[in-house]
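Take a look at the structure set out below.
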Amino acid sequence: MRLLIGRDVGLAHLLPLALEVLRGDPMAEGDMYEGDLLSAVLTRSPAVRKSGPSSAGSWASLSRS
């Protein structure tokens with residue numbers, strides 16, 4: 001999931017899944033290092049964060065974690 005998100009592939013489907021994982025464990029680990037999923041999600045374009053019906057609340061809750 002981290003690799004696809006990092007390459008902006010399938011973000012509409014993967015970001016909600018990633019946010020759900022990160023709510024449970026903000027330092028969730030892909031295959032590289034602890035927190036790599038969080039890094040991939042947070043480095044997406046700001047325009048990506050604004051897209052999607054429930055993304056504003058999800059991003060806000062993630063940033064407070």
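Counting from 1, the numbers follow the sequence of the chain as shown.
- Every salt bridge (charged side-chain N to carboxylate O under 4.0 Å, His left out) that Asp8 has, sequence neighbours left out, goes to Arg44.
- In this view, Glu29 and Glu34 satisfy the side-chain contact (heavy atoms from CB on, under 4.5 Å) rule, not counting sequence neighbours.
- In the hydrophobic clustering, where aliphatic and aromatic side chains (Ile, Leu, Val, Met, Phe, Trp, Tyr) are joined below 4.5 Å either directly or transitively, Leu3 stands alone.
- No donor-acceptor pair closer than 3.5 Å links the side chain of Ser39 to the backbone N or O of Gly35.
- Under the 4.5 Å side-chain heavy-atom criterion for ILVMFWY residues, no single connected hydrophobic cluster contains both Leu38 and Tyr33.
- Checked against side-chain contact (heavy atoms from CB on, under 4.5 Å), Ala40 has the following partners two or more places apart in sequence or in another chain: Arg2, Ile5.
- Taking CG of Leu17 as the start and CG of Leu11 as the end, the distance is 11.5 Å to the nearest 0.5 Å.
- When all heavy atoms of Ala28 and Leu22 are compared, the closest pair comes out as CB-CD2, 4.3 Å.
- Leu37 CG to Met32 CE: the interatomic distance, rounded to the nearest 0.5 Å, is 12.5 Å.
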